Amino acid sequence: MSGPAGGTARAATTTDVVCLGESMVTFLPSQPGRLADVPSFGRGIGGAESNVACALAVAGHRAAWVGRVGADGFGDHLVETIGGYGVDTSAVRRDPERPTGIYFRTATDRGAGAHEVAYYRAGSAASAMSPANVPYEEVFAGRVLHLSGITAALSADCLELVRELTAPRPGRPLVSFDVNHRPHLWRGGDASVLLELARRCDLVFVGEDEAEEAWGIVGAEAIRAALPEPAVVVVKRGSAGATVFASGLRPGPRSSNAGGAENDGAEFAPDTVTPVPALRVDVVAAVGAGDAFAAGFLSATLRGLPVRDRVRHGHLMAAAVLTVPGDLTEPPARDHADRLVALDDEAWGRLRLGPGWTAADRAPEEVRTP
């Protein structure tokens, strides 16, 4: 196998999902309030792609994380902690010149006006990822390659890397892309490039709110119209749930990959549109839920479950994270989640999940809070 200029034919793989991106050490407040008033912080880890890898590994899949960290104690902590979840970190590179990124946040919801985040990631080791220094053998070693728009925003080299990894090529794994628009990372940049990148992928996760903010596109149908190439587009609609647009692609003469944007001559089968309501959740902290949703959806995809069940597993993984303070938590056991996913629509609509629900060894109808 060669780098971006060559082919990517792969040998038989034992890895389900490879996730590439920046992970940082995160400092969580000991109490609510302004950053200026918080007296102490607990240390954790945060990073969209590593969060997905950790959740998948805990759920029983073979996951790997590819990233770049500093040759420092924070880099040690990230590699050891992520590896502790069962994630393969052997392809993580250490940078002797640049530090590992860190950030501090308040306890309030990310969407709240009082929410504060202080990032110390400029010039980080991860921002130096490029097509020249990423191990392509490891990146393309899984059945699925999961990326996000956060990586593309870190630097010009990172953007070029994501362009290379999403380029149509023979033997490319299924490429999953979470748009993950972070406005503060695009100050002075053009977030419309995220639309270009998403169109080159096979499976895309995008929120209605971020599509409107980044691209000026309003509504699930308009988002799908702007993203005709991906075989599956998952539009997250907040408390309304998610709508999945899935199509069959019949490649044309120039198509080398079912998810690539350069599908001149390709024909698309009509979409199957699947709306799935969200769950009612007693939220503790709305951080990491999007990553957990992606992990749940990918897990169910790897298992070959129907589209509705993939979304429900995404909702359940998200609910597990929403009911704890940090970015990561123990997901429900697979048989527990499968029982909830199998509920009829009325019973699903009655569910309300609160802190501790993932440990419940009860019948599905009992997994409720008052």
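These numbers come from a predicted model, not from an experiment.
For E346, the side chain to side chain contact (heavy atoms under 4.5 Å, CB included) partners two or more places apart in sequence, or in a different chain, are D344, R350. Checked against salt bridge (charged side-chain N to carboxylate O under 4.0 Å, His left out), D95 has the following partners two or more places apart in sequence or in another chain: R68, R98. Looking at residues two or more places apart in sequence or on another chain, you find a side chain to side chain donor-acceptor pair (under 3.5 Å) between T81 and H77. A search for side chain to side chain contact (heavy atoms under 4.5 Å, CB included) contacts involving T100 returns V69, D72, F74, L78, not counting sequence neighbours.
Here the CG-CG distance, from L161 to N133, works out to 8.0 Å after rounding to the nearest 0.5 Å. Distance CD/E212 to CD1/I223: 9.0 Å, rounded to 0.5 Å.
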Using the side-chain hydrogen bond (donor to acceptor under 3.5 Å, both in side chains) rule, take E49 and S148 through it: C-alpha gap first, then chi angles, then the decisive distance, then the call.
CA-CA 7 Å; E49 300 83 6; S148 93; 2.5 Å; yes
side-chain hydrogen bond (donor to acceptor under 3.5 Å, both in side chains) between S127 and S155, worked out: CA-CA 6 Å; S127 69; S155 67; 5.4 Å; no
Set out, in order, the CA-CA distance, both residues' side-chain angles and the distance that settles side chain to side chain contact (heavy atoms under 4.5 Å, CB included) for T243 and T274, then state yes or no. CA-CA 5 Å; T243 298; T274 308; over 6 Å; no
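Each salt bridge (charged side-chain N to carboxylate O under 4.0 Å, His left out) pair with one or both residues in residues 17-26, not counting sequence neighbours, appears once here: E22-R121. Sorted by first and then second residue, the salt bridge (charged side-chain N to carboxylate O under 4.0 Å, His left out) pairs with a member in residues 148-163 read R163-E196; sequence neighbours excluded.
For the pair F245 and P230, the minimum side-chain heavy-atom distance is 4.5 Å or more.
A donor-acceptor contact shorter than 3.5 Å links the side chain of T106 to the backbone of E116. Distance alone, capped at 3.5 Å, places no donor-acceptor pair between the W348 side chain and the L279 backbone.
Taking the six-membered ring for Trp, H313 and F297 have ring centres at least 6.0 Å apart.
Exactly one residue among F41, F104, Y119 makes a ring pair (Phe, Tyr, Trp, His ring centres under 6.0 Å) with F27. That residue is F104.
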